[in-house]
Participant: 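Mind looking over this structure? Questions follow.
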Amino acid sequence: MNEQTIFQLLKKTKEKALAVYSKFHVSAVLVTKSNELITGINIESSSYGLTICAERVALFKALSEGYREFDRIYIMSDLPVPCPPCGACRQVLMDYAPDIKVIMYSDNGQKDGALLKDLLPRNFPGPKS
Ligand SMILES: [Zn+2]
């Protein structure tokens, strides 16, 4: 799947975000080593602390379907610049996909990328450490 197709999938997926309180819409597309695409959106709760980010939704969907090996994750938000994952998502991704590449898109097509291990140096050790 090429980058333009991923970009369009991110945009389409972001429309499904349940950001009723923040109005900050985020989508993620997690790519497994077997090239499966698992999407995620942010889902907010009236009890704000129970809100979950798109990255963790995608990862938890994938894990619950039995996927264990991941290559990269794409993220898109409403911001005009690429938005990196929050600290909680970085830790959970590190727990299950420590070697993953993170590719961030803005809604208008700006792109940035980094290895997760560079986004979360000296991380708390997880099950894949
Ligand atoms: Zn997050």
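Just so you know, ligand 1 is whichever comes first in the structure, and atom 1 is the first atom listed for that ligand. Values below: all heavy atoms of this structure, side chains included; hydrogens, waters and symmetry mates excluded.
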Participant: Give every protein N, O or S atom lying under 2.8 Å from the Zn ion (ligand 1), naming each by residue and atom.
Facilitator: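 Listed by chain and number: C53 SG, C86 SG, C89 SG.
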
Participant: Salt-bridged, E69 to K128, with N to O below 4.0 Å?
Facilitator: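 Counted as a salt bridge, because a side-chain N and a carboxylate O are separated by less than 4.0 Å.
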
Participant: Which of these, V57, V26, L50, sits in a side chain to side chain contact (heavy atoms under 4.5 Å, CB included) with I43?
Facilitator: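 For I43, the side chain to side chain contact (heavy atoms under 4.5 Å, CB included) check succeeds only for V57.
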
Participant: Decide yes or no on side-chain contact (heavy atoms from CB on, under 4.5 Å) for I73 and E55, but give the supporting numbers first.
Facilitator: CA-CA 8 Å; I73 188 167; E55 300 93 313; 4.1 Å; yes

Participant: Any ion pair linking K11 and D107 (charged N to carboxylate O, less than 4.0 Å)?
Facilitator: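 Salt bridge: yes.
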
Participant: Indicate the ring-plane relationship of Y105 and F7, choosing parallel, tilted or perpendicular according to the 30° and 60° boundaries.
Facilitator: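 Taking F7 first and then Y105, their aromatic rings stand perpendicular (interplane angle over 60°).
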
Participant: Is it the case that S34 and T32 place a side-chain donor and acceptor less than 3.5 Å from each other?
Facilitator: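 Per modelled atom types, S34 and T32 side chains form a pair under 3.5 Å.
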
